[in-house]
Structures are given as structure tokens and as C-alpha cells.
Amino acid sequence: MDFSYSEEQQMLRDSIAKFVNQDYDFDTRQKIVASEGGFSKENWKLFAELGWLMVPFKEEDGGLGGTAVDLVGLMEELGKGIVVEPIIPTVILGGGIIAEAGSAQQKEELLGTLMEGNLQLAFAFAEPQSRYNTADIATKAEKSGDSYKINGHKAVVLNANNADKIIVAVRTSGDQRDENGISLLIVDADAAGIEKRSYETVDGHQGADLYFKDVTVPAANLLGEEGKALSAIQNVVDRAALAVAAEAVGAMEVTYKKTVEYTKTRKQFGVPIAVFQALQHRMAEMFIEHEQAKSIMLMAAMQSDAAGGVDRKAISAAKARIGKAARLVGQEAVQLHGGIGVTDELDVGHYFKRLTTIQFIFGSTDWHTERFAGL
Amino acid sequence: MNVNFSEEELAFQEEVRQFLKEKYPKHIQEKVKNGLHIEKEDWVEWQKILYEKGWAAANWPVEYGGTGWTPTQKYIWANESAKHHVLEVMAFGMKMVAPVIYTYGNEEQKQRFLPDILQSNVWWCQGYSEPNAGSDLASLRTTAVREGDEYIVNGTKTWTTLGHYADWIFCLVRTGRPDEKNQTAISFLLIDMNTPGISVSPIITLDGRREVNEVHFENVRVPVENLIGQEGRGWTYAKLLLTHERTNIARVAHSKVRLESLKELAANTSNGGPALMDDPIFKKKVADIELDLLALEYTELRTLAAVSTGQAPGPESSILKIKGTEVAQALDELDVEIAGYYCLPFVKEQFEYGFEGEWVGPGNAANAAPTYYNHRKVSIYGGSNEIQKNIICKAVLGL
């Protein structure tokens with residue numbers, strides 16, 4: 001048994017921690033959120049230079065190894081700064097699905113550019129009616145000759161407004177919720193017939209609803225085998241679930257610590273409010289929740305690595321348990337801060353916002369609890 | 001013991017329904033129902049309609065323009081209002097400063113201020129909290145120093161809801177020495193917002209909106225006739241008022257309507273196949289809230305009944321504040337849950353009345369997270385839920 005990080009893992013963590021502490025204070029983050037595109041291209045270049053974009057990929061794909069333990073390390077540290085650069089949509093989802101399903105040629109063409117920091121991606125898998133069922137796909141792609149024609153509506157596609165290419169999960173055969181008949185197509189973001197309804201998200205990220213109307217894609221843009229994409233999609237969504245769960249662990253650590261500090265300085269009734277035992281016990285709970293969350297995150301990462309990539313039951317356990325912790329820590333942090341916790345100007349509220357949305361993406365707390373119980 | 005309505009009460013219920021159907025402006029209804037941005041003009045317009053009908057002030061004494069309704073009639077009004085998505089009257093004038101004026105003010109103050117509040121000619125805001133006086137309100141430091149026929153006011157008030165709309169502010173100020181006890185040091189002062197030396201700065205909340213403000217006073221000269229009651233009695237007035245106020249804070253009728261529409265929404269939300277409402281975990285969450293709400297409804301009815309027999313609402317009203325806000329926040333959270341991925345889009349323009357573009361996501365999904373974020377305030381304001389528990393411990397349990 002060994003819970004220590006390897007030298008490389010520790011170096012990676014240290015380098016992200018240094019970046020978050022020195023170059024990503026809350027004011028900087030808020031300026032980035034408000035900027036055109038909602039992320040810093042300079043930061044993205046830096047991430048590429050430091051090799052962070054290579055972390056989730058296997059060595060044979062040009063990456064640094066791609067273990068789940070590495071992935072959660074990366075995301076936990078980024079979570080401490082609630083970093084908004086599109087690591088999840090471009091690297092974990094977009095890059096992830098190419099690595100999972102792509103041909104050697106597709107990987108070579110796309111992943112290298114991605115890891116150099118020169119490619120933004122989005123993965124359009126969810127639909128308005130699908131919720132967390134990745135097999136529920138109504139968007140159709142019909143093949144005629146050497147091309148596919150896509151029609152449908154994809155919901156809440158993260159980073160779609162910044163993406164150069166969008167990987168779209170489509171139905172090429174079967175009924176709406178059939179497990180077979182789902183395929184993946186790589187689409188140029190500016191292809192004719194894609195209407196984008198772009199928006200900021202409530203947690204400072206970027207997304208869009210995408211409407212495909214007779215969008216023509218060359219058959220060569222098929223990613224993986226036609227009709228057999230579901231398990232690759234679920235693997236990648238599960239990796240994203242683990243990634244945001246790890247991000248939440250990092251965000252929770254900062255959130256509970258900031259709350260403890262605040263209660264030591266906020267004076268009411270002539271004393272710091274930290275002296276009230278009713279509040280002390282609640283902060284003890286926040287601390288316990290964070291530790292439990294970190295434990296189950298590491299469990300899921302190690303089990304996934306042991307399983308050769310994704311251990312669904314372990315990931316569901318982590319996403320569900322961490323979601324529960326994120327809810328408590330976020331809500332209590334705001335409550336213990338009082339009025340100032342509900343304002344836009346204080347960082348704690350923004351940690352709370354992200355800790356909230358994480359509970360409802362890539363499978364909600366309840367969805368993962370049910371999947372855990374059923375596996 | 002029974003909770004049935006009499007013939008007269010049923011007739012009253014019908015009258016309320018008719019009135020709301022005919023007179024409640026549709027554009028305001030649409031805004032409330034869909035969580036759209038409410039303008040100052042909406043409150044004013046609706047309040048004037050209520051005034052015409054003689055229903056502007058459910059809780060005021062009849063002599064000042066109150067309805068004289070029985071507790072049952074108030075209960076009926078609250079339920080019908082919630083069902084029709086009625087905009088609630090702006091509390092600061094109607095429910096907060098007016099009771100202080102008609103209870104502790106002099107004749108001249110009553111005549112000067114009450115009619116304009118009733119007809120919504122004047123907009124009021126509240127000046128209680130300060131940056132360093134939140135839960136410990138009594139430690140407030142805004143000073144009012146008497147100089148001839150005027151007070152000179154200096155200090156900062158915060159969390160001033162819709163203060164940027166206000167014509168007048170009612171304030172708790174320190175008239176005594178800094179070390180003097182609250183019971184003798186704090187006074188209740190009415191201040192015209194147009195007085196030189198007052199500035200208002202916005203505080204943006206987590207939903208990205210401007211709802212609250214800081215109000216700064218720099219050598220603001222206030223005529224002494226704007227003092228309510230006696231100097232040094234302001235703390236007592238405000239405390240009585242806060243207890244009174246908490247009877248209205250449970251918002252049971254409102255939560256009942258929300259619960260029903262939430263069930264309907266969940267029944268129509270696909271959970272990747274079956275309806276979300278058929279999901280056992282989700283169903284249990286809804287049932288848990290419903291049970292809490294049902295108990296709260298009867299707790300509220302017991303409180304109303306006690307008030308109608310002349311008993312003042314006691315510290316038990318803290319229960320209404322705690323449980324009422326817990327239920328409301330639980331409903332907010334389920335709205336986010338129903339939205340699923342659609343809790344993410346933040347589409348500000350969609351919340352403006354008259355927006356003609358297509359809404360992102362089903363129904364009101366885009367409003368779910370901003371509302372959930374904003375409503376974390378309800379367990380903080382009006383005396384935080386922790387303070388309410390302190391009140392119960394001290395005043396009820398004798399701890």
C-alpha cells in the first residue's frame with residue numbers, strides 16, 4: 001500500500017499549485033471570465049508548455065501516461081483556483097473521445113495539435129431530453145455516398161463557442177434510446193448549417209446549444225466504428241465525472257479553509273464568530289466532508305487505473321459521495337460567511353457556484369448513487 | 001377544532017378569485033410566474049390597484065386603511081395570491097416601517113407618511129444592517145448627533161434591498177454615547193433619500209443582479225421631527241416589529257404553489273426515458289419537502305389562530321422563519337436538479353420582460369441556478385437561522 005505521489009506527480013502538483021497561487025488569484029480569474037471567449041489564451045499556451053495538456057493521454061498517443069491518478073492530481077489542483085480554462089471540454093472530453101475511439105491517423109492529426117495548445121474542442125453528446133442517459137440520442141446522421149448529413153439539437157455543449165472542431169454523437173441507426181446505432185462525427189465548428197446559441201454558464205464557463213440543420217460531413221470524419229460508439233462515449237463522460245469530482249475536492253479544500261479564516265476575523269457580539277461552538281462543529285463537518293471526498297476520489301482513481309482506464313462503479317461512488325460533500329461544504333461556506341457570502345465580489349460565492357454545478361454534470365449525485373447501487 | 005371555511009369565508013374566497021382574475025395585470029403575472037425581472041413600476045401599479053379595492057393593507061388596523069380581515073381571510077388571500085402568482089407588496093413600506101409609524105409615531109407623522117405608503121406614492125427602504133453589524137445588529141455604529149433642530153447622521157448601512165429605488169429610508173441610529181447600552185442608545189429615524197450627503201452604491205449578488213446596496217451617510221442633516229417615538233427607544237420598536245414580521249415569513253402558500261408546479265415539471269421531464277418524477281430517489285426528496293411543508297402549514301395556522309385571540313406572536317415565530325426558509329431553499333435546489341445540464345446556461349436577457357428570442361432549455365431551467373444562488377440569502381437575512389435558534393434557546397427553552 002502506498003498513498004504517496006511519485007516524483008513526477010508531485011512536480012506536476014507543485015507546478016499547478018504555483019500557477020494558481022501566483023498567477024490565478026480571484027481578481028485575475030474574474031477578469032478572464034469576463035473576457036472575450038471566457039478563457040486566457042496565454043494561460044492555455046502556458047498549460048501546453050508545461051505539459052499539462054499531455055497529462056490525460058497515453059504515451060503511445062504522445063501524452064504523459066494518462067493514468068486516473070494523474071488526472072485527479074491535475075484537476076484537484078486546478079480546482080483550488082476554480083480555473084475556467086477549457087481543460088474539461090477540450091482535453092478530457094474532446095481529446096478523450098479522440099484517444100478512445102479515433103484511428104491512428106486521426107489521433108496523430110488532432111491530438112498532437114491539441115497538446116501543443118493549438119486546437120480547441122467540444123464534445124456534443126447530451127440532448128435536451130437525454131439528461132444523463134448517453135444512449136438517448138435523437139440527433140440523426142444519414143449517410144449518402146461519401147458524406148453524412150446531421151440534423152438535430154445538442155444541449156449545453158461546453159466550449160462550443162471557442163471550439164475549432166466539435167465531436168458530435170449522432171444516431172446512424174436504431175431507435176432513440178438504443179445502445180447500438182450511435183456514432184461519432186468530427187465536425188468543423190464553422191460548418192454550414194450549425195446554428196449556435198452561445199452563453200456564459202452560471203459558474204463562469206462557456207457553452208452553447210447547437211442546432212444542426214443538414215450539416216454535411218465527409219464520411220472520413222467518422223470517429224471509430226459506425227454504430228458502436230456508446231461505450232467510448234460513456235467512458236469519456238465517466239472520466240469527465242471523475243475529473244470534475246477531483247476539481248470539487250480542490251475547491252472544497254479552499255472553501256472550508258477560507259471559511260475557517262473568515263470566522264476568525266469576523267467579529268460579532270464582541271468576539272470572533274469562530275468561538276461559537278455551534279459554528280465550530282459545522283466547520284468540523286466541512287473538514288470531514290472534504291477528507292472523505294478526497295479519500296473516495298483516490299479510491300476511484302486507483303481502481304480505474306487497476307481496471308485499465310475506467311471503473312464505472314468506483315467512479316459513480318466518487319461522483320455521488322463527492323457531490324454530497326460539495327453540497328454541504330458550499331452551502332455551509334455561504335451560510336457561515338453571512339451576507340457577504342451571497343455577493344459577487346467575494347470568491348467564496350464563486351466556489352459555491354462551481355461546487356453546485358459539478359453536482360449536476362456528467363451524472364448527478366442521485367444518478368451516480370443509483371448506478372452505484374445497481375452495478 | 002376544525003379547519004373548514006364557513007359560507008362567508010367561501011364567498012370571500014370567490015370574491016378574491018374574481019378580483020385577481022379581473023384586476024391583476026397580466027404582464028406582472030407573467031413576470032412573477034416566470035421569474036422575470038420586476039420593475040419598480042410593477043410594484044407601484046399593483047399597489048395602486050389594491051388600494052382602489054381597499055385591499056392594500058391586510059395587516060394594518062382599519063383606522064389607517066387596513067382591511068380588517070380575520071386570520072382566515074388573510075389565509076385565503078395568501079393562498080389565492082400565491083396561486084395567481086401575485087406580486088407581493090413591497091414589504092419595506094407596508095410591512096416594516098408603517099407598523100412602527102402607526103404604533104409609535106405621533107399624529108403628524110401618521111398623517112404625513114401612512115397615506116403615501118398605502119398608495120405607493122413613496123418608496124421606502126430599510127437601514128438596519130451595517131458592514132460590521134449583521135447578526136449582532138445592536139452593535140451598529142451609524143451616529144445621529146443632535147444639533148439644534150437637526151440630527152447630523154454619519155455612517156454606512158448595508159444590504160439595503162432596492163435602495164436605489166427608494167425615496168425614504170428608515171434607520172436605526174446611535175444617538176447615545178458609543179459605550180451606552182442599546183436599550184437607551186439607539187433611535188428610529190426616518191430620512192429623505194434626497195438629503196445632501198447620502199450616496200448609494202450597488203452590491204451585485206451571486207445571480208449577477210443588483211438587488212442590494214450600501215447607503216452612505218456623510219453629515220446628513222435630518223430634522224428632529226423625523227424621529228419616531230422617543231430618543232433611545234428605537235431598539236425596542238425594531239425588536240417588536242421583527243417578531244411581528246416573522247409571522248409572514250414562512251411563505252407557506254407560496255411554497256405550496258411552487259411544490260405543485262415542480263411536481264408537474266418533474267412529471268414532464270424525461271430522465272433519459274422515464275419521467276424524473278418516477279425516479280424513486282427524486283420522489284422521496286419531493287415527499288420529504290411536502291411533509292415538512294404540511295407540518296409548517298399547520299404550525300402557521302396555529303400561530304395565526306393564537307394571534308386572532310389577541311396573543312402576540314411569540315418567539316415561536318422563529319420556527320416559521322427557520323422552517324419556511326429551509327423549505328424554500330429545498331425547492332430551489334430541486335429546481336436545479338430538474339434542470340440537469342440546463343442549470344448551466346446563464347442567459348440574462350431571457351429574464352427581461354418582452355424578450356422574444358427562444359428560451360434556452362425547457363421552461364424556466366435557466367432561472368433555476370441563479371434563483372438557487374440568490375436564495376441562499378433567505379437563511380441569512382431577517383435574523384439568520386442561527387440567530388433564530390438562539391432566540392428559541394433563550395426565550396423558549398430558557399437556556
Side-chain angles (χ1 to χ4, degrees), chain A residues 126-136 155-156 158 176-177 197-205 207-209 266-270 273 276 278-279 282 327 330-331 334-346 349-350 352-353 356-357 359-362 364-367 369-370, chain B residues 129 131-139 158-159 203-209 212 269-273 276 279-282 285 329 333 336-337 339-348 350 357-358 360-362 365-366 368-370 372-377 379-381 384-386 389-390:
Chain A
E127 296 189 358
Q129 82 292 344
S130 67
R131 217 170 155 80
Y132 307 119
N133 180 359
T134 44
D136 188 341
V156 197
L158 296 171
Q176 191 183 315
R177 294 185 199 97
R197 178 76 193 276
S198 301
Y199 37 74
E200 275 174 58
T201 61
V202 292
D203 52 7
H205 291 247
D209 268 35
R266 171 71 175 174
K267 281 190 178 169
Q268 291 284 272
F269 307 101
I273 60 173
F276 298 122
L279 303 192
R282 288 164 69 171
R327 174 176 182 262
Q331 290 183 348
V334 170
Q335 183 71 22
L336 296 188
H337 274 82
I340 196 79
V342 193
T343 63
D344 187 65
E345 71 182 276
L346 196 73
H350 296 267
F352 162 64
K353 283 182 167 190
T356 300
T357 57
Q359 297 167 48
F360 300 103
I361 55 178
F362 312 128
S364 66
T365 303
D366 287 356
W367 188 87
T369 304
E370 284 179 288
Chain B
S129 294
N132 289 306
S135 283
D136 182 13
L137 182 59
S139 67
T158 194
W159 313 127
I203 301 173
I204 305 301
T205 43
L206 283 182
D207 54 354
R209 288 185 184 179
V212 286
T269 298
S270 167
N271 194 20
L276 182 58
D279 177 81
I281 297 186
F282 187 82
K285 279 184 178 172
Q329 289 179 332
E333 216 170 339
V336 179
E337 179 133 23
Y341 280 106
Y342 275 114
C343 75
L344 285 176
F346 183 50
V347 192
K348 263 188 186 173
Q350 189 172 303
E358 194 179 340
V360 173
Y372 168 67
Y373 294 149
N374 177 289
H375 283 185
R376 299 315 297 175
K377 73 188 174 188
S379 50
I380 295 167
Y381 70 24
S384 72
N385 287 14
E386 288 77 13
K389 286 175 187 172
N390 283 350

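A, B, ... follow the sequence lines: proteins, then strands. Residue 1 opens every chain.
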Under 4.5 Å from any heavy atom of chain B - which part of [X]:
X	value
A155(A)	both
D344(A)	both
S364(A)	side chain
I273(A)	neither
L158(A)	side chain
F362(A)	both

What are the two closest non-hydrogen atoms of [X] and [Y], and how far apart are they?
X	Y	value
Y199(A)	V360(B)	CE2-CG1, 3.7 Å
D136(A)	G273(B)	OD2-N, 4.0 Å
T343(A)	I203(B)	CG2-CG2, 3.5 Å
V334(A)	I380(B)	O-CD1, 3.9 Å
R131(A)	T269(B)	NH1-CG2, 4.4 Å
Q129(A)	S270(B)	O-OG, 3.1 Å

Tell me which of these, [options], has more heavy-atom pairs under 4.5 Å with chain B than the rest.
options	result
P128(A), G207(A), A208(A)	P128(A)
I340(A), T356(A), D203(A)	T356(A)
E127(A), H350(A), R197(A)	R197(A)

| Check: E333(B)/Q331(A) side-chain N/O donor and acceptor closer than 3.5 Å |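 Yes.
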Requested in this report: Return yes if a side-chain donor-acceptor contact under 3.5 Å exists between Y342(B) and D209(A), otherwise no.
Outcome: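 Side chains of Y342(B) and D209(A): pair found under 3.5 Å.
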Can you tell me which of [options] forms the most heavy-atom pairs within a distance under 4.5 Å of chain A?
options	value
N374(B), D207(B), D279(B), V212(B)	D279(B)
L276(B), N385(B), L137(B)	L276(B)
S139(B), S135(B), S129(B)	S135(B)

Q) Ignoring hydrogens and geometry, is there a side-chain-to-backbone donor-acceptor pair from R376(B) to G341(A) under 3.5 Å? A)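 Side chain of R376(B) to backbone of G341(A), a donor-acceptor pair under 3.5 Å: no, none is there.
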* **Side chain K353(A), main chain Y373(B), donor-acceptor under 3.5 Å** =>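 No; zero donor-acceptor contacts below 3.5 Å.
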Practice prompt. Check F360(A), W367(A), Y132(A) against Y341(B) for a ring pair (Phe, Tyr, Trp, His ring centres under 6.0 Å) and give me the one that passes.
Written response: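 Among the candidates, only Y132(A) passes.
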Q. Would you say E386(B) and Q335(A) make side-chain contact, with heavy atoms under 4.5 Å?
A.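 SC-SC contact between E386(B) and Q335(A) confirmed.
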Taking the side chain as C-beta and beyond, is there a heavy-atom pair between E345(A) and I204(B) under 4.5 Å?
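Of all side-chain heavy-atom pairs linking I204(B) with E345(A), none is under 4.5 Å.
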Chain A heavy atoms under 4.5 Å from [X]: which part of the residue, side chain, backbone, both or neither?
X	value
E337(B)	both
P345(B)	both
K285(B)	side chain
A133(B)	backbone

- Item | Rounded distance (nearest 0.5 Å) linking atom SG of C343(B) with atom CD of Q359(A) |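 If I round to the nearest 0.5 Å, the distance is 9.0 Å.
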Ring centres under 6.0 angstrom apart (F352(A), Y372(B))
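Yes - the distance between ring centres of F352(A) and Y372(B) falls below the 6.0 Å cut-off.
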Output, in order, the C-alpha distance, side-chain angles, deciding distance and verdict of side chain to side chain contact (heavy atoms under 4.5 Å, CB included) for N132(B) and R266(A). CA-CA 8 Å; N132(B) 289 306; R266(A) 171 71 175 174; 4.0 Å; yes
